[in-house]
Amino acid sequence: MTTQRYHLPHNAIRIDEFDFLLGCINTERPYYTYAELRSLFLFEQIRQRKLESFHERYHQNLTTHSDPEVSALYARIVQMSADQLQPEDTDALLDVQYTQAKTFKQVWNETIRDYTEFFAFLGLLPSYYKGRRGDDGKRHYVSGLLCRYRNGEASMHDILMGFKYRNACKNEANFDMYSIEVRPFYIALRALQHYNAAGYHIVDPHIISAVVTFSQDENASLQKLLCDFDNPTLPLEDYQNLGLFPQDQHEFQKWVEEARRASSLLKPYLEALQAVSVRRAGRSYKYVIQPEHFHLDKTPERSVFCDGTVGHYRLTPMLGKVINRCQHFADIAQERRIGFNSLFDDNFTAQEKVGILKELQAQGAVKAFDVAHSEAVLNIRRCQLAINPYCDMDGH
């Protein structure tokens, strides 16, 4: 069996930086362009003295740069007080020649683009730009989910379960590898759950990364991979002849490096969820599974995806609202009983309401409905369809 793997934003790896960057966003603004975010994030990291801790290598290289004008500019900027520093000062830093091949802007892009893409895919700062040219004009919209996360109303678990490929913020038409239907962190938790149930309580992190990055869906493909990688304590090298990997040794090693990069993203967020703890041995490490923190009982087992369908119905913003309301009311409605008027907007016909409820019943999200009393009984949250209204539908 062969399949394509997809890439995770492996530079967005620090939880403290993740939260710091989101804390820089003015939630009163409707959107930021990518260029504005790039400048804002550098300005605030220097103004609040965070660049040195988040990116020590950048700090050291700028401090000891071979071009004295570059090191002098950086020294002047970092010595300014928070009140003195202006955005144009840090913008000037972006334009310096950082290496022989790249400006500092190009290097900074490599880190910040992964964060902004991750924020978009999570639905925190979604962007629906599908152009092929530079990213600078791409708009990232300030979402209600970002506000809820910053206010503590949405947890890290909530937002990570909403991270999907495919999504409306990634132009999957240009990248075949993203034309898949997976929630990467949900897949990771499912894999950990599977191995824990099989008696493996300590696993190789790169096996989890392989399962995540090779999954094409959350059902048959995932189950096949869990069977293929039957012993998660073994290193990836022991699975080279599985049929997933290149037989050429050089190409295989390139894939192993890609798996390690995927682990660099998964590891800190799985730790933040307390789904794993990390046991180190020199430069290598293992995951110690902590199943009591999976909370999969609070996570829908099935999901809808951008440009997908629910039975005979295409996923539109109107249908997405209904699915999102089912998910919401499954948590708060008394006996999970809800009137049609709370689920449907006025522009649905009676026939459409019945048709959609039948499909949702077939999917398990709705237990029963009564047309005469215009009332539905919802199933528990685990049986709902997972939807991220900010990146499962294309458009703002």
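Treat the numbers as computed from the prediction; the structure is a model and nothing was measured. We use all heavy atoms of the structure for the numbers below, so side chains are in, but hydrogens, waters and symmetry mates are not.
- Scanning both residues, Leu236 and Phe252, for their nearest heavy atoms gives O-CZ, 3.8 Å.
- In summary, the aromatic rings of Tyr74 and His59 are positioned with their centroids under 6.0 Å apart.
- Electrostatic pairing of Lys254 and Glu257 does not count as a salt bridge here, judged by no charged N lying under 4.0 Å from a carboxylate O.
- Ring geometry for Tyr98 against Phe104 counts as tilted: the plane angle lies between 30° and 60°, on a 0 to 90° scale.
- Using a cut-off of 4.0 Å between Lys/Arg side-chain N and Asp/Glu carboxylate O, Asp307 and Arg166 are scored as not salt-bridged.
- The line from NE2 of His65 to OG1 of Thr99 is 7.5 Å long, rounded to the nearest 0.5 Å.
- Both Ile15 and Val276 are part of a single hydrophobic cluster, where members link through side-chain heavy atoms under 4.5 Å apart.
- Annotation: side chain of Leu93 is in contact with side chain of Leu62 (closest heavy-atom distance under 4.5 Å).
- Note: Phe118 and Phe163 meet the aromatic proximity criterion, with ring centroids under 6.0 Å apart.
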Side chain to side chain contact (heavy atoms under 4.5 Å, CB included) for Asn26 and Tyr32? Distances and angles first, verdict last. CA-CA 9 Å; Asn26 177 0; Tyr32 287 82; 3.2 Å; yes
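- Looking only at distances, no side-chain donor or acceptor of Asp95 sits under 3.5 Å from a matching main-chain atom of Ala92.
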Check step by step if side chain to side chain donor-acceptor pair (under 3.5 Å) holds for Gln384 and Glu301. CA-CA 7 Å; Gln384 296 300 315; Glu301 294 177 343; over 6 Å; no
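- A salt bridge is defined here as a Lys NZ or Arg NE, NH1 or NH2 lying under 4.0 Å from an Asp or Glu carboxylate O, and Glu44 with Lys50 fails to meet this definition.
- With no hydrogens or angles considered, a side-chain donor-acceptor pair links Thr233 and Asn231 at under 3.5 Å.
- A side-chain donor-acceptor contact under 3.5 Å links Tyr186 and Arg190.
- Taken from OG1 in Thr116 to CG in Leu124, the straight-line distance is 12.0 Å, to the nearest 0.5 Å.
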Is there a salt bridge (Lys or Arg N to Asp or Glu O under 4.0 Å) between Arg381 and Asp331 once you walk through the steps? CA-CA 7 Å; Arg381 183 177 182 85; Asp331 288 334; 2.7 Å; yes
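- Cation-pi geometry between Lys267 and Tyr287 is not satisfied (NZ or CZ under 6.0 Å from the ring centre, within 45° of the ring normal).
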Audit row: Asn11, Thr111, side chain to side chain donor-acceptor pair (under 3.5 Å) steps and yes/no: CA-CA 6 Å; Asn11 287 314; Thr111 295; 5.2 Å; no
Step-by-step side chain to side chain contact (heavy atoms under 4.5 Å, CB included) determination, Phe119 to His140: CA-CA 9 Å; Phe119 295 156; His140 288 262; 5.8 Å; no
Test side chain to side chain donor-acceptor pair (under 3.5 Å) on His55 and Glu17; report intermediate values, then the result. CA-CA 10 Å; His55 302 286; Glu17 187 173 21; 2.7 Å; yes
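- Tyr115 has its ring centre no less than 6.0 Å from the ring centre of Phe18.
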Show your working on side chain to side chain contact (heavy atoms under 4.5 Å, CB included) between Ile387 and Met393 and close with a plain yes or no. CA-CA 9 Å; Ile387 188 166; Met393 274 77 70; 4.2 Å; yes
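- Heavy atoms only, all atoms of each residue included: Gln48 and Phe20 are closest at OE1-CE1, 3.4 Å.
- Smallest separation of non-hydrogen atoms from Pro9 and Tyr165: CD-OH, 3.8 Å.
- Side-chain atoms of Asp114 and His10 form no donor-acceptor pair, as typed in the model, at a separation below 3.5 Å.
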Going through the distances and angles, do His293 and Gln290 end up as a side chain to side chain contact (heavy atoms under 4.5 Å, CB included)? CA-CA 6 Å; His293 297 294; Gln290 300 183 153; 4.0 Å; yes
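- Arg14 and Ser53 make their closest contact through NH1-O, 3.0 Å (heavy atoms, listed as atom of the first residue, atom of the second, distance).
- Across every non-hydrogen atom of Pro184 and Lys164, the tightest pair is CD-CA, 4.2 Å.
- Hydrophobic clustering, with ILVMFWY side chains joined whenever heavy atoms are under 4.5 angstrom apart, keeps Phe329 apart from Ile380.
- By the ring pair (Phe, Tyr, Trp, His ring centres under 6.0 Å) test, Phe41 pairs with no residue at all, sequence neighbours left out.
- Here the closest non-hydrogen pair linking Phe348 and Leu319 is CZ-N, 4.4 Å.
- One hydrophobic cluster, built from ILVMFWY side chains closer than 4.5 Å, holds both Leu125 and Trp108.
- For the 3.5 Å distance criterion, the side chains of Asn109 and Arg38 qualify, holding a donor opposite an acceptor.
- Using the six-membered ring where Trp is involved, Tyr200 and Tyr195 have ring planes that are perpendicular, over 60° apart on the 30 and 60° scheme.
- Taking the charged nitrogens against the carboxylate oxygens, Lys224 and Asp217 have no contact shorter than 4.0 Å, which rules out a salt bridge.
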